[in-house]
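Below is one structure, written out as structure tokens, with a few remarks after it.
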Amino acid sequence: MVERKIAPGASAERDAYYRRISQYALAPLWERLNVLLTKEPQVRSTPFHWDYDLCRNVLFESADLISAHEAERRVLILDNPGLDGASAITENLYAGWQLLMPGEVAPAHRHSASALRFILEGDGAAYTAVDGEKAYMRPGDMVLTPSMRWHDHGHEGTEPVVWLDVLDLPFNRNLGPIFLDLYPDDRFPDGSAPGTTRARFGRGLKPVALPSSTDPNSPMFYYPYEEMRAALVASASESDIDPVVGHKLEYMNPNTGGPALATISTFLQWMPAGFSSQPYRTTEGMVFSIVEGEGSLTVEHQGQETTYEFKPRDTLVVPCWGRQRWDVRSEAIVFCASDRNIQEQLGLFREQLEGSNH
Ligand code: 1HN
């Protein structure tokens with residue numbers, strides 16, 4: 001195939017013309033086409049590694065500065081260095097570390113953006129209430145607050161609790177329909193007893209009267225680590241390991257069989273000690289939270305290769321079309337959130353294994 005480049009020449013006459021038409025809010029496509037259309041993705045987000053142990057002190061300093069109540073949510077945003085303070089970790093996802101101290105509450109609200117929290121530290125004494133049903137959160141648990149569901153957080157114990165928040169906020173904002181309602185009281189009134197939703201929807205049964213199409217988000221909002229881990233370990237012992245991802249399971253909406261959230265795909269990945277993954281890349285922007293194990297993640301992105309040493313509770317990001325390779329020293333379990341489902345639903349998703357051209 002002949003290489004064709006779009007690079008029109010400059011001239012004083014052309015420049016004068018561009019200035020003249022700009023007063024009508026018009027611009028020449030031919031001067032911009034090489035930025036708008038690139039042979040391969042050129043995203044602004046960069047790979048990055050947030051070392052939890054390195055940042056934990058400054059995170060905890062925030063508790064002296066502001067209460068969770070005054071802050072509404074006391075969170076340090078994981079600002080992707082390539083995105084100029086846009087409050088985004090990838091092009092479509094927001095992420096942050098949220099700290100809740102004993103006795104604190106984060107007041108009830110609801111918003112159009114869907115959220116998940118993945119618990120990093122704590123002893124099960126803090127909860128997220130979704131429409132008044134509490135889920136007590138332990139490290140490794142995932143709790144969802146899908147679009148427009150009332151949610152508040154509270155802490156009934158003695159040890160600080162930290163979790164990773166991931167929201168589809170940049171995607172939601174780009175589309176336009178951002179909405180927020182503040183509940184008039186701190187707490188949404190008590191709803192069902194803890195565990196009710198899991199008992200109803202997490203047992204392989206679904207209500208016949210509930211059409212699968214009514215809500216693309218999971219009715220089940222609590223995915224406890226103990227059970228997710230057991231599923232992963234069972235898969236690992238019963239099926240062959242994939243040379244690219246090890247064993248990787250997706251959190252599912254039991255009502256549709258689709259992803260737990262329509263806009264944020266979520267996964268739990270297991271890799272054995274000594275595993276060196278075959279490199280691959282996808283068009284997802286991926287956010288990783290290390291649950292167990294240590295090793296390194298090597299990312300090649302736009303011609304630059306970087307290796308990050310990871311350990312539990314670290315957060316890492318691999319942007320769209322970044323090539324990743326995992327080298328695992330001790331048995332690792334890694335949580336992943338990405339925009340994969342958005343891309344798949346729209347027919348935009350691609351992946352590429354080493355050596356293949358598809
Ligand atoms: C939010 O509602 C939470 O509920 C966390 O914990 C982070 C970031 C932006 C907008 C809303 C929460 C958030 C958020």
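Everything numeric here is computed off the predicted structure, so don't read it as measured data. The first residue of the sequence shown is numbered 1, and numbering continues consecutively from there. Just so you know, ligand 1 is whichever comes first in the structure, and atom 1 is the first atom listed for that ligand.
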N/O pairs closer than 3.5 Å, ligand 1 and protein:
unit_1: ligand 1; atom_1: 2 (O); unit_2: His109; atom_2: NE2; d: 2.6
unit_1: ligand 1; atom_1: 2 (O); unit_2: His111; atom_2: NE2; d: 2.7
unit_1: ligand 1; atom_1: 2 (O); unit_2: His151; atom_2: NE2; d: 3.3
unit_1: ligand 1; atom_1: 4 (O); unit_2: Arg73; atom_2: NE; d: 2.8
unit_1: ligand 1; atom_1: 4 (O); unit_2: Arg73; atom_2: NH2; d: 3.4
unit_1: ligand 1; atom_1: 4 (O); unit_2: His151; atom_2: NE2; d: 2.9
unit_1: ligand 1; atom_1: 4 (O); unit_2: His153; atom_2: NE2; d: 3.4
unit_1: ligand 1; atom_1: 6 (O); unit_2: Arg73; atom_2: NE; d: 3.1
unit_1: ligand 1; atom_1: 6 (O); unit_2: Gln98; atom_2: NE2; d: 3.0
unit_1: ligand 1; atom_1: 6 (O); unit_2: Arg117; atom_2: NH2; d: 3.1
unit_1: ligand 1; atom_1: 6 (O); unit_2: His153; atom_2: NE2; d: 2.6

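- Glu61 is linked by a side chain to side chain contact (heavy atoms under 4.5 Å, CB included) to Val58, counting only residues two or more places apart in sequence or in another chain.
- Residues forming a side chain to side chain contact (heavy atoms under 4.5 Å, CB included) with Thr196 (at least two apart in sequence, or on another chain): Glu133, Ser192, Ala193, Arg200.
- Under the side chain to side chain donor-acceptor pair (under 3.5 Å) criterion, Ser338 pairs with Glu284, sequence neighbours left out.
- Around atom CD of Gln23, more than 12 heavy atoms belonging to other residues, nucleotides or ligands sit under 6.0 Å away.
- Taking OH of Tyr136 as the start and NZ of Lys134 as the end, the distance is 4.0 Å to the nearest 0.5 Å.
- A salt bridge links Glu121 with Arg313: the distance from a Lys NZ or Arg NE/NH1/NH2 to an Asp or Glu carboxylate oxygen falls below 4.0 Å.
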